[in-house]
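Just so it is clear, the model here is predicted, and its values are computed rather than measured. Here is how names work: the chains are called A, B, and so on, in the same order as the sequence lines, proteins then strands, and each is numbered from 1.
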Protein chains: 2
Amino acid sequence: MSTVTQTPCVGRPRAFDTEDALAKALEVFWRKGFEGTSLTDLTQAMGINKPSLYAAFGNKEQLFIKAIELYEQRPCAFFYPSLEQETAYQVVEAMLLGAASSLVDESHPQGCLIVQGALTCSEAGQAIKQTLINRRRDGEIALCERLQRAKDEGDLPAHADPLLLARYIGTMLQGMAVQATNGICPKELRSVAELVLTHFRDAFSKN
Amino acid sequence: MSTVTQTPCVGRPRAFDTEDALAKALEVFWRKGFEGTSLTDLTQAMGINKPSLYAAFGNKEQLFIKAIELYEQRPCAFFYPSLEQETAYQVVEAMLLGAASSLVDESHPQGCLIVQGALTCSEAGQAIKQTLINRRRDGEIALCERLQRAKDEGDLPAHADPLLLARYIGTMLQGMAVQATNGICPKELRSVAELVLTHFRDAFSKN
DNA sequence: TTAAATTTGTACCGATTGGTATATAAAATT
DNA sequence: AATTTTATATACCAATCGGTACAAATTTAA
């Protein structure tokens with residue numbers, strides 16, 4: 001199932017690649033946020049006109065939704081793949097170091113689209129704001145469940161609180177996203193991640 | 001030195017209180033961010049007309065600057081007063097518990113204006129975005145200097161890295177601000193703060 | 001070769017954006 | 001009482017917002 005409309009076999013063919021155009025839109029939303037991005041910004045970056053944008057993606061809001069879906073599937077996305085690590089420590093390590101690397105990767109905008117895409121907005125953007133809140137929550141819930149599994153498997157000690165730990169790691173990741181927009185240098189961000197990892201290992205690792 | 005223009009003794013007197021109006025503006029900016037707030041939002045909340053707003057505060061950008069100055073001076077501001085605690089641990093404790101309390105205080109909008117006021121924006125808002133980045137940085141620098149003093153006084157162990165610790169606490173505070181906009185419940189946010197404090201005490205406290 | 005289907009570019013829509021000109025109202029000063 | 005000074009309310013400004021109508025262009029199917 002593709003995230004974009006598929007081209008039919010009749011009628012004039014599209015002059016642009018929808019995946020490429022969506023990637024360009026993602027890049028703009030990432031830098032400017034949902035409401036900070038205008039349709040002019042989008043059509044210029046995507047190299048298409050407004051009617052083409054609306055025909056291919058619906059409207060600005062639906063385009064943004066498709067952009068965040070692409071965002072979570074892009075090669076450097078680190079969150080959900082981290083859950084598949086073998087141990088709780090390795091999961092957290094993959095997340096924190098992945099964040100420390102990806103959030104300041106200069107091949108794309110700094111920070112996290114899910115955090116900075118619509119942290120605050122006007123009434124018109126409340127639906128998008130809530131969508132991003134839900135995405136952040138979903139991530140923490142998934143981490144919580146992974147840590148609960150680790151506890152069940154004896155991979156985390158009995159005194160560990162999976163929900164609290166997931167909130168803690170989630171808070172750190174969101175804070176690191178803000179640091180990335182601040183322009184923190186990659187080395188410093190990685191040092192912060194490593195400090196958290198040391199804490200986690202000392203307090204919860206069984207090795 | 002007041003943050004607002006003082007009323008002269010000649011001419012028609014102002015029909016509104018500038019401090020009250022500024023407090024109303026702060027409340028709106030806090031909820032909607034700089035660019036998510038329109039002049040109509042502001043004038044309605046402040047109970048004044050646009051010419052009065054411009055005469056008293058300059059323009060939208062200058063009004064926002066005055067709002068963040070008021071924000072940092074309001075009674076529940078916790079950051080800078082925390083620096084005056086006696087020990088490094090008490091400083092960090094005051095910050096984290098103050099944040100856990102203030103960020104979700106229901107007597108005002110959730111989260112932190114300095115974080116969510118303009119995390120992303122259009123070209124028109126870049127100056128405000130940078131202003132907020134600088135404010136965040138200033139806070140971390142001040143904390144770093146306080147922790148360095150603590151180290152000099154023997155209040156922090158020799159292996160402690162003030163800059164890294166300040167970045168770590170700053171990252172947590174910024175993450176907690178995002179959690180607050182997520183709608184996290186006060187108890188959970190406090191638990192996260194306490195987990196960080198436990199870590200800090202275990203790793204760096206000399207008591 | 002014609003008809004049907006689809007995309008393209010242009011030009012436009014009403015609504016809203018931040019900001020201001022202007023005339024009137026209300027005060028202190030002379 | 002007349003003048004000066006400032007604040008008020010209304011009405012307006014050009015520019016931009018997200019979104020669309022429409023006709024020309026380009027393709028496949030009949």
Novice: Taking atom CD of A:Glu106 as the centre, report whether more than 12 heavy atoms of other residues, nucleotides or ligands fall under 6.0 Å from it.
Specialist: no
Novice: Quickly work out the B:Glu123 CD to D:dC17 P distance and round it to whole Å.
Specialist: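 That distance rounds to 10 Å.
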Novice: Report which part of the nucleic acid A:Ala124 touches: base, sugar-phosphate, or nothing (heavy-atom distance under 4.0 Å, all strands).
Specialist: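 Contact class for A:Ala124: none.
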Novice: Could you tell me the separation between the CG atom of A:Leu53 and the C1' atom of D:dA21, rounded to a whole number of Å?
Specialist: 17 Å
Novice: Give, ordered by number, those residues of residues 34-41 of chain A having at least one heavy-atom distance below 4.0 Å to an atom of DNA chain D; if nothing qualifies, reply none.
Specialist: A:Thr37, A:Ser38, A:Leu39, A:Thr40
Novice: Quantified as the angle between the terminal helix axes (five pairs each), what is the overall bend of the helix from C:dT1-D:dA30 to C:dT30-D:dA1 to 10 degrees?
Specialist: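 The angle separating the two end axes equals 10°.
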Novice: Applying side chain to side chain contact (heavy atoms under 4.5 Å, CB included), can you list everything that pairs with A:Pro162, at least two apart in sequence or on another chain?
Specialist: A:Cys144, A:Leu147, A:Gln148, A:Lys151
Novice: What is the distance, rounded to the nearest whole Å, between atom CZ of A:Arg14 and atom P of D:dA25?
Specialist: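 So the two atoms are 21 Å apart, to the nearest Å.
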Novice: Between C:dT10 atom C1' and A:Ile48 atom CD1, what is the distance in whole Å?
Specialist: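 Value for this atom pair: 16 Å.
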Novice: Rounded to whole angstroms, how far apart are NZ on B:Lys50 and P on C:dT16?
Specialist: 12 Å
Novice: Could you give the CD-to-C1' distance, from A:Gln62 to D:dG18, as a whole number of Å?
Specialist: 13 Å
Novice: For B:Phe64 and B:Phe29, take the angle between the two ring planes, folded into 0 to 90°, and tell me which bin it lands in: parallel under 30, tilted 30 to 60, perpendicular over 60.
Specialist: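 Answer is perpendicular, since the angle exceeds 60°.
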Novice: Looking at A:Lys60, I'd like to know whether one of its side-chain N or O atoms comes within less than 4.0 Å of OP1 or OP2 on D:dG18.
Specialist: yes
Novice: Consider salt bridge (charged side-chain N to carboxylate O under 4.0 Å, His left out). Of B:Arg31, B:Lys32, B:Lys24, which one does B:Asp41 pass it with?
Specialist: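 When salt bridge (charged side-chain N to carboxylate O under 4.0 Å, His left out) is applied between B:Asp41 and each of B:Arg31, B:Lys32, B:Lys24, only B:Lys32 qualifies.
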Novice: What is the separation between atom CD on B:Gln44 and atom P on C:dG18, rounded to the nearest whole Å?
Specialist: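 So the two atoms are 12 Å apart, to the nearest Å.
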Novice: Looking only at side-chain N and O atoms, does A:Ser191 offer a donor or acceptor that is under 3.5 Å from a partner on A:Glu194?
Specialist: no
Novice: Short question: side chain of A:Asn182, backbone of A:Ile184 - any donor-acceptor pair under 3.5 Å?
Specialist: no
Novice: Strictly by modelled atom types, are A:Gln179 and B:Thr171 linked by a side-chain donor-acceptor pair under 3.5 Å?
Specialist: yes
Novice: Should B:Ser52 be listed as having a side-chain N or O under 4.0 Å from OP1 or OP2 of D:dA7?
Specialist: no
Novice: Generate the contact string for nucleotides 21-30 of chain C. Rules: B means base contact, S means sugar-phosphate contact only, - means no protein heavy atom under 4.0 Å.
Specialist: B---BBBSS-
Novice: Compare side-chain N and O positions of A:Asn49 against OP1 and OP2 of C:dT8 and report whether any pair is under 4.0 Å apart.
Specialist: no
Novice: For B:Ala203, what residues pass the side chain to side chain contact (heavy atoms under 4.5 Å, CB included) criterion, not counting sequence neighbours?
Specialist: B:His199
Novice: In this structure, how many angstroms lie between the C1' atom of D:dG18 and the NZ atom of A:Lys32, rounded?
Specialist: 15 Å
Novice: So does A:Val178 get a backbone contact from the side chain of A:Thr181, meaning a donor-acceptor N/O pair under 3.5 Å?
Specialist: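 Yes.
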Novice: Mind listing the side-chain donor-acceptor pairs of residues 74-82 of chain A below 3.5 Å, one per line with the distance, residues two or more places apart or on another chain?
Specialist:
| from | atom 1 | to | atom 2 | distance (Å) |
| --- | --- | --- | --- | --- |
| A:Arg74 | NE | A:Tyr71 | O | 2.7 |
| A:Ser82 | OG | A:Phe78 | O | 2.4 |

Novice: Which of these passes side chain to side chain contact (heavy atoms under 4.5 Å, CB included) with B:Val196: B:Met172, B:Met176, B:Arg201?
Specialist: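 Filter result, single survivor: B:Met172.
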Novice: I'd like to know if the side chain of B:Asn49 reaches the main chain of B:Pro51, judged simply by a donor and an acceptor atom lying under 3.5 Å from each other, with no hydrogens or angles considered.
Specialist: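 Looks like no, no N/O pair under 3.5 Å.
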